[in-house]
Amino acid sequence: MLEEVLRQLFIKSFKTLYGQEPPVQQVNFQKTRPEFEGDMTIVVFPFGKLAGRNPEQLANEMGAEMIKESDMIAKFNVVKGFLNLLISDKFWMDFFKENHENREFGRKPVSGKNVVIEYSSPNTNKPLHLGHIRNNLLGWSVSEIMKANGKKVVRVNLVNDRGIHICKSMLAWLKWGDGCTPESTGKKGDHLIGDFYVLFDKKFKEEVKSLLPANYDTLDEKAKEEAKAKAEAESTLMQEAREMLVKWEANDPEVRHLWETMNQWVYDGFDVTYKRMGVSFEKIYYESQTYLLGKALVQEGLEKGVLYRRDDNSVWCDLRDEGLDEKLLLRRDGTSVYMTQDLGTAQLRVKEYDPEKLIYVVGNEQIYHFDVLKRVLVRLGREWGNDIEHLSYGMVELPNGKMKSREGTVVDADDLMDEMVATAKAVSDELGKAKDLSPEEADKLYHTIGLGALKYFILKVDPKKTMLFNPEESIDFNGNTGPFVQYTHARICSVLRKAEEQGIKLESEVKVNDLQPKEKEIIVMMYGWPMVLNQAAENRSPAMIANFIFDLAKEFNQFYQECSILKEPDADRRMFRLQVCDMVAALLRNASELLGIGMPNRM
RNA sequence: GGCCUGGUAGCUCAGCUGGAUAGAGCAACAGCCUUCUAAGCUGUGGGUCUUGGGUUCGAAUCCCAACCGGGUCACCA
């Protein structure tokens with residue numbers, strides 16, 4: 001807005017002075033660096049030739065003309081080719097007067113078609129871990145951000161509830177579980193199932209080892225591989241698991257019953273984790289219910305001749321002319337693969353929601369998969385394949401490298417949240433922050449702080465980038481962290497409470513017309529919020545929101561340090577500062593909500 | 001090997017649609033609580049933006065090459 005007005009003013013002035021029209025996209029603004037006086041800076045280097053002036057001359061002439069034309073500009077100065085414009089206090093005050101009570105400031109009304117966002121997408125054979133946490137937080141947050149920016153968002157989850165991996169857990173439970181349940185063991189269902197999955201793997205490895213030939217260690221690499229493959233094929237455990245999968249597909253009542261029971265344990269466990277994490281879905285799809293849908297699409301593709309069948313009966317899509325490879329869509333036994341299921345699920349979503357976009361929050365190791373998915377859909381005549389967007393995020397690494405479930409270096413989601421909350425409690429107690437709260441309120445606060453720290457730590461990093469999770473640093477509550485922002489909010493609330501206790505009621509009318517430096521910096525920053533929100537939505541980047549709330553909190557803390565609020569003698573200015581406090585607090589709440597981070601009133 | 005992606009302070013990260021002397025936080029050091037919550041504020045030190053070319057008034061940012069790291073190229077998901 002400000003930029004647009006200034007741009008027009010610049011162009012108009014330029015025409016007046018030089019009779020030429022400068023290219024619009026060249027007229028760019030940036031914030032004036034703090035060491036110079038001004039708010040906005042135009043770089044005039046690109047227009048020197050057009051005007052027939054050297055940059056400094058040009059900037060001076062333009063500044064004089066612009067200040068003459070508009071009372072929005074209070075002052076200007078020129079450094080080399082940089083024209084620094086000081087915006088009048090009136091402009092900022094008008095902005096503040098208009099928006100300081102707007103609790104929805106920056107948000108746009110929701111309209112248009114649906115945007116379907118899939119995230120989480122767990123397997124039902126193990127509990128959620130750190131990687132899922134990044135996925136879930138991103139999916140949730142991007143949804144909130146897009147909603148705030150005017151999109152109609154539908155959150156969906158696709159649970160991978162079928163396949164050989166679930167059979168492994170079931171088989172292990174049957175063999176060694178002794179009929180145990182989440183109730184009998186006191187274990188969360190997802191963890192219980194995960195334990196049996198690990199147990200299967202352990203027993204399977206033992207069996208394979210026992211089947212290896214005696215001279216295995218003396219073999220060369222290739223022979224070793226062959227021997228191992230042979231042993232794995234001979235494994236009765238694996239055979240039993242496969243048989244179970246076949247029975248499952250054949251709707252064997254016993255297997256199905258066990259499968260339903262055990263999956264339910266997992267879902268109950270997931271529900272607890274999701275709830276604690278603060279994420280939810282409008283719709284949950286299950287692969288067991290959708291995996292057949294893709295097959296119909298494949299059949300259609302065969303009839304249209306865009307897919308083909310090999311001699312061994314497997315079905316493929318040839319994408320070599322697009323620079324990709326051939327892609328298998330049905331195995332030779334006619335069963336479907338991951339891609340087949342995704343084709344069907346996508347079709348179902350289009351039917352159910354008629355979306356303008358299908359966004360998939362999935363790790364970047366699947367970039368190729370989604371590239372193929374889009375192209376295959378388009379081949380099948382589904383132009384909306386192009387509306388698929390893979391929101392791919394980077395891996396989470398630990399200080400000693402990647403997480404590997406087999407090496408036991410996985411950071412479990414439930415454990416991590418426990419630790420964060422426990423640390424929040426320890427720090428709060430140490431600082432004596434929660435002593436006036438009831439036990440219930442205190443627990444709620446620890447949860448808000450612990451989860452706030454975790455969410456901020458994960459979301460402040462650009463989603464595209466690989467990030468490092470250092471357990472020690474992530475539980476730091478100082479500096480660029482969630483609790484820092486929360487603390488700032490709590491402080492503001494404290495001031496507002498004190499004001500109320502003193503009988504000062506927040507007024508709507510703003511009676512101040514000039515700005516002191518720290519007051520102005522805060523208002524200028526808040527002015528930029530709608531642009532930040534818009535950018536964050538377009539870039540699908542919660543990190544931009546996180547950066548903003550940190551900057552705003554930091555700015556407020558400086559203001560708080562330098563300017564007294566309640567002790568300000570001038571009543572109008574005191575009221576104004578309270579109004580600033582109120583707007584900052586509201587904006588911190590408004591923005592942090594998009595990250596799923598709560599703002600406590602005291603801490 | 002082909003394709004994709006990253007390399008910024010000791011560490012974690014911003015900045016990347018080209019602009020002024022490259023920024024935060026952590027860690028280190030030095031200050032600030034009889035005064036609105038010190039989970040805070042202020043200051044100091046710390047950089048050949050991996051390297052080498054190119055484009056131009058100007059490059060961490062764009063292009064090319066090299067080096068190093070990660071991902072992917074399954075009848076796994």
Side-chain angles (χ1 to χ4, degrees), chain A residues 25 28 30 32-33 35-36 41 43-46 48-49 54-55 79-82 84 121 123 160 163-165 287 310 312-316 323-325 327-333 335-339 341-342 362-369 371 392 394-395 397 399 401-402 424 427-428 430-433 449 453 457 460-462 464-470 472-474 476-488 490-499 502 543-544 546-547 550-551 553-554 556-568 577-578 581 602-603:
Chain A
Q25 68 278 15
N28 284 315
Q30 58 192 70
T32 303
R33 289 188 151 251
E35 57 267 36
F36 304 105
T41 294
V43 187
V44 303
F45 286 105
K49 233 175 234 167
N54 71 46
V79 182
K80 290 187 278 182
F82 299 90
N84 300 320
S121 327
N123 289 349
N160 179 9
I164 191 77
H165 45 286
E287 279 195 13
R310 285 190 185 169
D312 66 2
N313 209 37
S314 56
V315 178
W316 299 73
L324 303 181
D325 211 336
K327 186 72 196 176
L328 176 92
L329 296 178
L330 287 180
R331 297 191 186 97
R332 74 183 80 143
D333 63 3
T335 56
S336 61
V337 292
Y338 180 42
M339 184 62 70
Q341 294 161 177
D342 259 355
V362 177
N364 61 13
E365 73 273 14
Q366 293 193 33
I367 288 175
Y368 182 75
H369 170 80
D371 195 15
S392 78
M395 312 240 133
E397 285 180 2
K402 274 181 75 172
V427 174
S428 299
E430 192 188 318
L431 296 171
K433 296 286 187 179
I449 296 172
F457 186 84
K460 78 172 178 190
V461 181
D462 182 339
K464 297 234 168 317
K465 291 199 176 172
T466 305
M467 69 172 288
L468 188 103
F469 182 84
N470 187 326
E472 275 134 53
E473 270 178 43
S474 66
D476 196 342
F477 290 0
N478 300 317
N480 189 355
T481 65
F484 169 89
V485 179
Q486 292 173 322
Y487 175 72
T488 306
R491 249 180 165 183
I492 298 173
C493 290
S494 173
V495 174
L496 294 173
R497 267 197 308 273
K498 287 241 158 65
Q502 292 174 21
M544 292 181 171
N547 284 336
F550 173 66
D551 289 341
K554 202 166 49 153
F556 180 85
N557 281 328
Q558 288 169 13
F559 162 76
Y560 180 88
Q561 198 76 21
E562 277 186 33
C563 306
S564 50
I565 300 161
L566 292 171
K567 294 198 177 64
E568 164 62 40
R577 287 183 178 168
L578 283 168
C581 285
R602 55 183 87 211
M603 71 184 270

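Note that this is a predicted model, so its numbers are computed, not measured. Proteins come first, then strands; the chains are lettered A, B, ... in the order of their sequence lines, and each starts at number 1.
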For RNA chain B, the dot-bracket notation using Watson-Crick and G-U wobble pairs below 3.5 Å, [ ] for pseudoknot-type crossings and | for other-strand pairs, is (((((((..((((.....[...)))).(((((.......))))).....(((((..]....))))))))))))....
Once side-chain contact (heavy atoms from CB on, under 4.5 Å) is applied, do any residues pair with [X], and if so which ones, sequence neighbours excluded?
X       : value
V79(A)  : F36(A), N77(A), N84(A)
K460(A) : Y456(A), N480(A), A546(A)
Q502(A) : I504(A), L566(A)

Would you say the side chain of H165(A) lies within less than 4.5 Å of the side chain of N160(A), judging by non-hydrogen atoms? yes
Do V43(A) and N28(A) have side chains that get closer than 4.5 Å, going by heavy atoms?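 No - every pair of side-chain heavy atoms lies 4.5 Å or more apart.
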For D371(A), the salt bridge (Lys or Arg N to Asp or Glu O under 4.0 Å) test, sequence neighbours excluded, returns R375(A)
Residues which pass salt bridge (Lys or Arg N to Asp or Glu O under 4.0 Å) with E430(A), listed by chain and number, not counting sequence neighbours: none
Nearest to the side chain of [X], which nucleotide is it out of [options]?
X       : options                : result
Q558(A) : U35(B), U42(B), A24(B) : U42(B)
F484(A) : C4(B), C36(B), C41(B)  : C41(B)
R491(A) : A20(B), U37(B), C41(B) : U37(B)
S564(A) : G23(B), U42(B), C36(B) : C36(B)

Give the B/S/- string for nucleotides 70-77 of chain B, one per nucleotide from 5' to 3', where a protein heavy atom under 4.0 Å of the base yields B, of only the sugar-phosphate yields S, and otherwise -. -SS--BSB
Across nucleotides 5-11 of chain B, 5' to 3', mark each nucleotide with B, S or - according to how protein heavy atoms within less than 4.0 Å reach it. --S---S
[X] near the nucleic acid: base, sugar-phosphate alone, or nothing, with a heavy-atom cut-off under 4.0 Å?
X       : result
V427(A) : base
S428(A) : base
V461(A) : sugar-phosphate
Q30(A)  : base
T488(A) : nothing
C493(A) : nothing
N84(A)  : base
P55(A)  : nothing
A490(A) : base

For the rings on Y487(A) and F484(A), is their centre-to-centre separation under 6.0 Å?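 Aromatic pair excluded; centres sit 6.0 Å or further apart.
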Roughly, in whole Å, what's the span from [atom1] in [X] to [atom2] in [N]?
X       : N      : atom1 : atom2 : value
E430(A) : A38(B) : CD    : P     : 16 Å
I492(A) : A39(B) : CD1   : P     : 16 Å
E562(A) : C33(B) : CD    : C1'   : 17 Å
L578(A) : C36(B) : CG    : P     : 15 Å
Q25(A)  : G18(B) : CD    : P     : 11 Å
Q561(A) : G31(B) : CD    : P     : 17 Å
N480(A) : G15(B) : CG    : C1'   : 14 Å
K460(A) : G23(B) : NZ    : P     : 19 Å

For the backbone of A424(A) and the side chain of S428(A), can you confirm whether one donor and one acceptor N or O come within less than 3.5 Å of each other?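 Such a contact is found between S428(A) side chain and A424(A) backbone.
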Rounded [atom1] spacing from [N] to [M] in Å:
N      : M      : atom1 : answer
C26(B) : G40(B) : P     : 7 Å
C11(B) : G47(B) : C1'   : 14 Å
A60(B) : C13(B) : C1'   : 15 Å
C29(B) : G46(B) : C1'   : 12 Å
G43(B) : G23(B) : P     : 14 Å
U51(B) : U8(B)  : C1'   : 14 Å
A14(B) : G6(B)  : P     : 12 Å
G18(B) : C57(B) : P     : 15 Å

Results of side chain to side chain donor-acceptor pair (under 3.5 Å) for [X] - residues two or more places apart only:
X       : value
R331(A) : T335(A)
T488(A) : N557(A)
E562(A) : none
S564(A) : none

What do you reckon, do F45(A) and the base of G58(B) stack, with centroid distance below 5.5 Å and planes below 30°? no
For F36(A) and A20(B), are the ring centres under 5.5 Å apart with planes inclined under 30°?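 One would call F36(A) stacked on the A20(B) base.
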Hey, which of these two, T32(A) or D462(A), hits RNA chain B nearer its 5' end, going by closest nucleotide? D462(A)
F559(A) or F82(A), whichever maps to the more 5' nucleotide of RNA chain B: F82(A)
If you go through the side-chain atoms of T481(A), does one of them form a donor-acceptor pair with the base of A39(B) closer than 3.5 Å? no
Between F477(A) and I449(A), what is the shortest heavy-atom contact and its length? CE2-CG2, 3.8 Å
Pick one for C32(B): is it syn, with its angle within 90° of 0, or anti?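 Judged by the O4'-C1' to base torsion, C32(B) sits in anti, the angle falling more than 90° away from 0.
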For the pair V362(A) and S392(A), evaluate side chain to side chain contact (heavy atoms under 4.5 Å, CB included) and give the outcome as yes or no after the intermediate values. CA-CA 5 Å; V362(A) 177; S392(A) 78; over 6 Å; no
